[in-house]
Each structure stands twice: as C-alpha cells, then as structure tokens.
Amino acid sequence: MSNRRGGRGEPGTEPASADLTYMAPDQLRFGSVGVFAGEWAWYGNPPRVPVGFVGTLVDRLNGWAVFSCTREVAEAIVADNDRRRRAEKARLIDLDLDVAGPELAQRVDQLCPPLRFDGDVIVFDESALHEGNAITRYVPDGDGRYRLDGDSWCWQAIDPGYCDRIAGVVPAREAAQEYVMAVHSPLRMPHGRLAVTAMQHAWVSDGIAYTASLHLDGQYVGMIENKGGGVATVYHTAGRGFGWRELNDFVAACRWQEGPVSEDAVLEALISEFEISKVISEYEPHGEALVALRGDDGSIINIEYRLDKWHMATGDPQQMATTLTRKVAGIYNSLDSFTWQFWWDGCWRTLGTVDAAMIRDATRQ
C-alpha cells in the first residue's frame, strides 16, 4: 500500500448512518469494532470510499490505525488491492507513456505493490520499491485473524456512511466492544466492569501484606489479598455475583501482550490500575506528570519520579530518560532496555528508551 496521498480529499462532515453511529471513529477505543479504509482510498467530491473493512482497533502506529480482521475481510482487502492495480494499469495506458510489458508491470508494482495469499499467509511484495527482496508475510493469529500493519499501511477509521459498501460482518451495538485495555498495563480484558476501589497495607516480617476491595459495576463483590513474603495474590469472593468461576472465566479471556496471563497477574494488574491512578490524581492538580519505567513485559516497575511543567516544556526527553536510567540501572540488572513514559493529558507518552548495555558500559569506564 502506498503512503502517497494521491490528491484525494479529506472526508467531509456528513454523519455516519444513524444505525451505525456507534462505529464512528470518535467512538472507537482499543478493542472496538470499526470500519477502516486506506488513506489512499478516497475519491470524488464529496469524498467517498469504495469499500470499508470491518475490523477491531488494536493499536496505532505513527498516527495511523492498526486493526485485526477475519479471513473474509482479509480476502476483500486483497481483492480491492487487485482492483486498484488494474485501475493503475489502465490509467498508465491511457496516459500513453509508451510503457508496456515488464516496464508497465514494474510501474504498477511501484504505485500499488502486489498483495496475495500463499495458503493462509498474506504476502505483501514491495520489491519494486526497494532494492533486494522486500517481502512481508502476514500470518494469521491463533484465532485466524490478520493484523496488517507497518509503515506502508496507512489505515484510518472512518464513518460507515462514507462507504459504497462494507466488507465483513457489522456487529450489533452491544457487541461492538470486543475487549478493553487496562489503562496502565498491557492487559487486555473482556470488559472493564471490574475495579479495585480501596487498598490497605500492613508491614509483615518478610515484606508488605495488602488487601484490596474489588467491585463489579460499582458493587462490592470480594477482596484481593496478598500476605507478603512472595506468595501469590488470591481472591476471596463475598458471594455477590462474582465468584471463583466468574473470575476463572474472566482470567481465561484476558491477554497480556497477546499471550495468556495468570490469575495472580490479573489481580495484581487490577491493583496497579487503582494505585497508579491514585498517584496520578495527586500529581495532576500541581501540574506534575508521573514518570514510569516499563519492564520487559510492559508492566510498570518504577513510579518514584515525576516531571514538572518546566522540564516538560524545556527538557530534552531522551536526555532525561538517560539521566533517569543512570540512577536506576544498578537496581534493574535484568533489563535489556529502559523505557520511560510520563502521564499527561490522559495518556502515557514516551519520554525515551535507553539501551542498558550502553549505560552499564559507561559506568564501568
């Protein structure tokens, strides 16, 4: 897919179809089902899109949407790319540029690289744009879904009302949110109805013990407990609609960085959501931003630093990340890299990533 804008207009202000407003771009968050189209797809005035593709928003890359889709939708994407290639070929012939045969095929490949299936794998061939073999292979995940991303894919979520047709199954309103992401950790959950609302800590002989109140839809359902000393975190149900079976089902549907996750890790993540949000709420009124160090698994492992407005406005982010890394490199010896983020305007923003070996080598000299 080409990154060229190709002279296409931006979408206008027409609303989506009344019955699909829940799939409008401003309604989407990670885990939402929406309709997506390539930035290259717009045509006409007012602008339209020939086909929109149903998928689940899973990420953003350089400002563009990244979504996962079914095999049916992936086949429609490949078919639409073939249509574009035929249109480019016809356009070049109409321009009478005196190109034919291999040269014409090369020009088409440059303007609209070929996309095809090789069994269950999608093959994207950009060799005409780059020296050597520039082929990307997209393998379906365990659920048979495809995630087409990378620098060459400029997808955007669009209002369904702009589409001439939509490829894929449009979900009912109640099924449009497939999952939700935790705010402060890479935990994917089947829903966001669970929340820790209070914590109590106590010093014990071999560490800190703590309990946390767990609520479902705002109602108390049980207690999370850790007795300290490195034991697992456990759940005690209050018998109010969310017992061990419901917890097991919830954990089974959760994912941590796309992989399975233990009950202990899910409970700890729910606690972290509460504790980190509480710290953020204490800093924000003073114009300060919480700074967090991410571990190799994406979890937050250090929140002892913060930034004030002056440093955020005038400081060199990468240099600040390097300075912070020097302070803690000896503590976190197992980290290969140090990724620092800060919370501002309702989201985590990257301060910088520092190579651990570079810092440790410099310390030894």
Side-chain angles (χ1 to χ4, degrees), residues 1-6 28 30-41 49-89 102-158 166-169 178-179 181 186 188 255-261 296-298 336-337 339 353:
M1 300 297 172
S2 172
N3 282 340
R4 298 179 304 112
R5 289 197 171 270
L28 301 189
F30 291 158
S32 294
V33 179
V35 175
F36 300 87
E39 184 270 345
W40 56 86
V49 169
V51 55
F53 305 101
V54 175
T56 303
L57 181 67
V58 297
D59 202 355
R60 296 192 185 276
L61 181 65
N62 298 326
W64 301 104
V66 178
F67 68 98
S68 69
C69 65
T70 63
R71 170 70 184 243
E72 174 195 5
V73 173
E75 290 175 349
I77 292 172
V78 171
D80 187 63
N81 192 67
D82 290 341
R83 176 194 62 78
R84 292 179 57 234
R85 286 173 54 80
R86 291 192 298 270
E88 287 291 352
K89 182 177 180 179
E103 185 180 356
L104 176 60
Q106 176 82 357
R107 292 285 294 274
V108 173
D109 287 352
Q110 291 172 341
L111 293 168
C112 186
L115 192 67
R116 62 180 176 83
F117 272 97
D118 180 10
D120 289 332
V121 178
I122 297 176
V123 179
F124 184 41
D125 188 351
E126 296 180 284
S127 299
L129 291 172
H130 308 285
E131 293 183 5
N133 186 15
I135 294 177
T136 305
R137 299 174 68 86
Y138 296 98
V139 180
D141 63 19
D143 297 322
R145 296 177 67 89
Y146 294 85
R147 171 174 166 155
L148 307 180
D149 56 9
D151 292 339
S152 295
W153 295 85
C154 298
W155 294 107
Q156 53 188 197
I158 65 171
I166 295 175
V169 178
E178 289 190 350
Y179 61 85
M181 292 298 300
R188 192 183 89 182
R255 294 291 182 271
W256 186 280
Q257 290 188 334
E258 303 303 322
V261 59
D296 290 334
D297 67 348
D336 295 324
S337 63
T339 298
T353 298

- What heavy-atom pair brings Leu57 and Tyr179 nearest, and what distance separates the two atoms? O-OH, 3.7 Å
- Counterpart residues, side-chain hydrogen bond (donor to acceptor under 3.5 Å, both in side chains), relative to Ser32 (two or more places apart): Gln177
- Item | Heavy-atom check, side chain of Val66 versus side chain of Arg60, under 4.5 Å | no
- Ignoring hydrogens and angles, tell me if any N or O in the side chain of Asp141 forms a donor-acceptor pair with the backbone of Gly144 under 3.5 Å. yes
- Determine the minimum heavy-atom distance between Val49 and Ala37, stating which atoms define it. CG1-CB, 3.7 Å
- Query: Salt bridge or not for Arg84 and Glu88, using N-O below 4.0 Å?
  - Reply: no
- Beyond-backbone contact of Asp80 with Phe53, side-chain heavy atoms, under 4.5 angstrom: yes
- So, do Val73 and Arg145 sit near enough that their side-chain heavy atoms are less than 4.5 Å apart? no
- Query: Side chain of Asp109, backbone of Pro113: donor and acceptor closer than 3.5 Å?
  - Reply: no
- Query: In terms of ring plane angle, is the pair Tyr138 and Phe124 parallel, tilted or perpendicular, where the classes change at 30° and 60°?
  - Reply: tilted
- Task: State, yes or no, whether a side-chain contact exists between Arg83 and Pro50 at a heavy-atom distance under 4.5 Å.
- Result: yes
- Message: Tell me the closest heavy-atom pair linking Thr56 and Glu178, and the distance in Å.
- Response: OG1-OE1, 2.9 Å
- Query: So, Arg147 versus Ser68: side-chain donor-acceptor pair below 3.5 Å or not?
  - Reply: no
- Would you check if Arg107 and Lys89 make a side-chain contact, meaning some heavy-atom pair closer than 4.5 Å? no
- Message: Just verifying a value: how many Å separate Arg188 CZ and Met181 CE, rounded to the nearest 0.5 Å?
- Response: 8.0 Å
- Query: Below 4.5 Å, heavy atoms only, C-beta onward: do Ile77 and Leu148 meet side chain to side chain?
  - Reply: yes
- Quick one: ring-ring contact (aromatic ring centres under 6.0 Å, His included) partners of Phe67, sequence neighbours excluded? Phe36, Trp155
- Query: Would a distance-only check, ignoring hydrogens and angles, find a side-chain to backbone donor-acceptor pair under 3.5 Å from Arg137 to Val123?
  - Reply: no
- Message: Working to the nearest 0.5 angstrom, can you tell me the gap between Leu115 CG and Arg85 CZ?
- Response: 9.5 Å
- Are side-chain N/O atoms of Thr353 and Ser337 paired as donor and acceptor at under 3.5 Å? no
- Query: Can you tell me how far OH of Tyr146 sits from OG1 of Thr70, rounded to the nearest 0.5 angstrom?
  - Reply: 9.5 Å
- Query: Side-chain contact, heavy-atom cut-off 4.5 Å: Ile122 with Phe117?
  - Reply: yes
- Item | Over all atoms of both residues, closest heavy-atom pair of Pro186 and Gly298 | CD-O, 3.4 Å
- Taking side chain as C-beta onward, heavy atoms only, is Ile166 less than 4.5 Å from Val54? yes
- Task: Decide, yes or no, whether a salt bridge links Asp125 with Arg116 under the criterion of side-chain N to carboxylate O below 4.0 Å.
- Result: no
- Task: Using atom types as modelled and distance alone, determine if a side-chain donor or acceptor of Trp256 lies under 3.5 Å from a backbone N or O of Asp297.
- Result: yes
- Where is the tightest heavy-atom contact between Ala134 and Ser127, given as atom of each residue plus distance? N-OG, 3.3 Å
- Task: To the nearest 0.5 Å, tell me how far Arg71 CZ sits from Asp143 CG.
- Result: 15.5 Å
- Taking every non-hydrogen atom, the tightest pair across Ala74 and Cys69: N-SG, 3.9 Å
